[in-house]
Amino acid sequence: MVWKVVQWATGSVGRAAIECIRRHPDLELVGCWVHSDSKNGLDVGEIIGTDPLGVTATSSVEEILALRADAVVYAPLLPDPGQVAALLRSGKNVITPVGWFYPGESEASVLREACAEGGVTLHGTGIDPGGATEIFPLMMTAMSSSVEFVRGEEFSDIRGYEAPDVVRHIMRFGATPEAAADGPMLSLLDGGFRQSVRMILETLGIGEAEIHGLHESAVATAPIESPIGVIEPGQVAAQRFHWEATVGGDVVVRIGVNWLMGEENLDPPWTFGSGGQRFEMQVKGDPDSHVVIHGWHSDSVVAGLAGNAGIVATAAHVVNSIPYVCAAPSGIRTAIDLPLVSGRAHPRLLKS
């Protein structure tokens, strides 16, 4: 069966998702919503830099809601629950990297009703949250008894992230430490990462725990060249966002991101360590497990700006989940509810 898919938004993740949809043998791109007037009416191939795809982008929400499709890859910069509810009520499954990874009742009651009305499913997934910070560490716990601690972390050179407006105005790189601390990033990340922590706690059966969000920054000690311009001394050039769950004073879950504008001229003098850029997962139990993933980062800043591997991995996880979500019972379904999600072979290797 071929599932008909709409792409919602064509930022970096959205463009990567379109490429993943094109290569997936069970999916067909049939629609695309765009935010800007400049993209409205263009063939989607023109937007992503390929030959024409025969799908015209639209900025009309009504056109997308009326379109016959099985699923929507919902990838805006900021989530809008009202948009998601409307898509669900129109009978379209929604798979997204921007929220609803493991929502509580208060966060999702309206969307549960929308799922029931449309007879469809909502699923949040990605890379972190959605993979390295909860799904894959939980898979590793299957190999341990008496688990006492779970960790999932990202270590990335943010210079390779091609979203300059996000890096400067939302992440607040290049700002003062005070402005970065007061910026929107912690609250934007908090919902998703807090859900990751709760997924681990509740799946493992850990009792009452306190969850704390932490933010630290390092400043430049000399000018640092970056895709958002020169970061001057005293301005934020590295940040850490972490969430910890504690029981009786002991940290039982720790997840987070470590984002640096390179490893030079920082105060404090943070580095990636000998492991370099990576995703790292750890389980303490009987026995322990420690996994380091390379490959989800590009080989250089220039390569990352041309095609960021982490963004592609995020998009691929969302797109590969589509057939499983479309086949699932209606409602909000988390990674705990779905079977193992896998990718599909390169088109040249598929059975004829």
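Along the sequence shown, residues carry numbers from 1. Note that these values count all heavy atoms, side chains included, but never hydrogens, waters or copies made by symmetry.
The pair Arg194-Asp190 meets the salt-bridge criterion, since a charged nitrogen lies less than 4.0 angstrom from a carboxylate oxygen. Residues Glu154 and Arg278 are not paired through a salt bridge, judged by the lack of any N-O separation under 4.0 Å between the basic side chain and the carboxylate. Salt bridge present: Arg344 and Asp26 bring a charged side-chain N and a carboxylate O closer than 4.0 Å.
At least one donor-acceptor pair under 3.5 Å links the side chain of Ser226 to the backbone N or O of Ile228. The backbone N or O of Ser59 lies less than 3.5 Å from a partner atom in the side chain of Asn40, making a donor-acceptor pair. Checked by atom type and distance alone, the side chain of Ser298 pairs as donor or acceptor with a backbone atom of Ala309 at under 3.5 Å. Under a 3.5 Å cut-off, the side chain of Asp43 and the backbone N or O of Leu53 do form a donor-acceptor pair. Listed for the Lys92 side chain is a donor-acceptor partner under 3.5 Å among the backbone atoms of Leu67. Here the side chain of Asp337 pairs a donor or acceptor atom with the backbone of Thr334 at under 3.5 angstrom. A donor-acceptor pair is defined here as one N or O able to donate and one able to accept, closer than 3.5 Å; such a pair exists between the side chain of Gln277 and the backbone of Asp157. Of the possible donor and acceptor atoms, none in the side chain of Ser144 sits under 3.5 Å from a partner among the backbone N and O of Val147.
The aromatic rings of His317 and Phe136 lie parallel to each other, their planes meeting at an angle below 30°, with 60° marking the opposite boundary. The aromatic rings of Trp243 and Phe193 lie parallel to each other, their planes meeting at an angle below 30°, with 60° marking the opposite boundary.
Ala209 approaches Val247 most closely through the heavy-atom pair CB-CG2, 3.7 Å. Pairing each heavy atom of Arg89 with each of Val110, the nearest pair is NH2-CG1, 4.1 Å. Summarising the geometry of Phe101 relative to Gln195, their closest heavy-atom pair is N-OE1, 2.9 Å, with the distance given to 0.1 Å. Nearest heavy atom pair, residue Cys32 against residue Thr10, reads SG-CG2, 3.5 Å. Closest approach of Pro79 and Val98 over heavy atoms only: CG-O, 3.6 Å. Between Gly130 and Ile135, the shortest heavy-atom distance links the atoms O-CD1, 2.9 Å.
With a 4.5 Å cut-off on side-chain heavy atoms, Pro164 and Pro227 do not count as touching. In this structure, the side chains of Thr121 and Cys326 stay at 4.5 Å or more apart for every pair of heavy atoms. Side-chain contact between Ile224 and Val230 is absent, with no heavy-atom pair separated by less than 4.5 Å. Considering only heavy atoms from C-beta on, Met171 comes within 4.5 Å of Ile158 through its side chain. You'll find the side chain of Ile127 reaches within 4.5 Å of the side chain of Trp296, heavy atoms only.
A side-chain donor-acceptor contact under 3.5 Å links Ser36 and Ser38. Side-chain contact, Glu63 with Thr58: a donor N or O sits under 3.5 Å from an acceptor N or O. When only modelled atom types and interatomic distance are considered, His290 and Glu280 share a side-chain donor-acceptor pair under 3.5 Å. A side-chain donor from one of Tyr324 and Ser342 sits under 3.5 Å from a side-chain acceptor of the other.
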Go through Arg112 and Glu105 one step at a time and tell me if the salt bridge (Lys or Arg N to Asp or Glu O under 4.0 Å) criterion holds.
-> CA-CA 9 Å; Arg112 292 186 198 280; Glu105 189 57 40; 3.3 Å; yes

Candidate pair Lys284 and Glu148, rule salt bridge (Lys or Arg N to Asp or Glu O under 4.0 Å), full reasoning | CA-CA 6 Å; Lys284 291 185 179 179; Glu148 296 182 291; over 6 Å; no

In sequence, state the C-alpha distance, the side-chain angles, and the governing distance for Leu338 and Val325, and then conclude on side chain to side chain contact (heavy atoms under 4.5 Å, CB included).
-> CA-CA 8 Å; Leu338 296 180; Val325 174; 3.9 Å; yes

Checking side-chain hydrogen bond (donor to acceptor under 3.5 Å, both in side chains) for the pair Gln7/Tyr74: CA distance, chi angles, key distance, verdict?
-> CA-CA 7 Å; Gln7 176 59 46; Tyr74 182 76; over 6 Å; no

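Within a 6.0 Å radius of CD in Glu202, more than 12 heavy atoms belonging to other residues, nucleotides or ligands are found. Within 6.0 Å of atom NE2 in His215, more than 12 heavy atoms from other residues, nucleotides or ligands are found, so the atom counts as buried in its surroundings. Atom NZ of Lys4 is surrounded by 12 or fewer heavy atoms from other residues, nucleotides or ligands within 6.0 Å.
Taking the six-membered ring wherever Trp is involved, the centroid distance between the rings of Trp259 and Phe173 does not fall below 6.0 Å. The six-membered or imidazole ring of His297 lies near that of Phe279, with a centre-to-centre distance under 6.0 Å.
Val55 and Ile21 fall within the same hydrophobic cluster, where Ile, Leu, Val, Met, Phe, Trp and Tyr residues are linked whenever their side-chain heavy atoms come under 4.5 Å apart, directly or through other members. Transitive grouping of hydrophobic side chains (ILVMFWY, heavy atoms separated by less than 4.5 Å) brings Leu65 and Leu122 into a common cluster. A continuous path of Ile, Leu, Val, Met, Phe, Trp and Tyr side chains, each step under 4.5 Å between heavy atoms, connects Phe155 with Leu260, placing both in one hydrophobic cluster. Note: the hydrophobic cluster containing Met281 also contains Leu340 (ILVMFWY, side chain heavy atoms under 4.5 Å, direct or indirect links). Linking ILVMFWY residues whenever their side-chain heavy atoms come closer than 4.5 Å, directly or via other members, leaves Ile48 and Val6 in distinct clusters.
Atom-to-atom distance recorded for Thr141:OG1 and Ile200:CD1 is 8.5 Å, nearest 0.5 angstrom. With values rounded to the nearest 0.5 angstrom, Ile322 atom CD1 is found 9.5 Å from Asp70 atom CG. Separation of atoms CD (Glu153) and OG1 (Thr133) is listed at 10.5 Å; rounding is to 0.5 Å. Note: Glu216 CD to Asn258 CG = 9.0 Å, rounded to the nearest 0.5 Å. Interatomic distance, OG1 of Thr246 versus CZ of Arg254, reported as 12.5 Å (0.5 Å rounding). Rounding to the nearest 0.5 angstrom, the gap separating the CG atom in Asn93 from the CZ atom in Arg333 is 11.5 Å.
At least one test fails for Arg198 against the ring of Tyr102: distance under 6.0 Å to the centre or angle within 45° of the axis.
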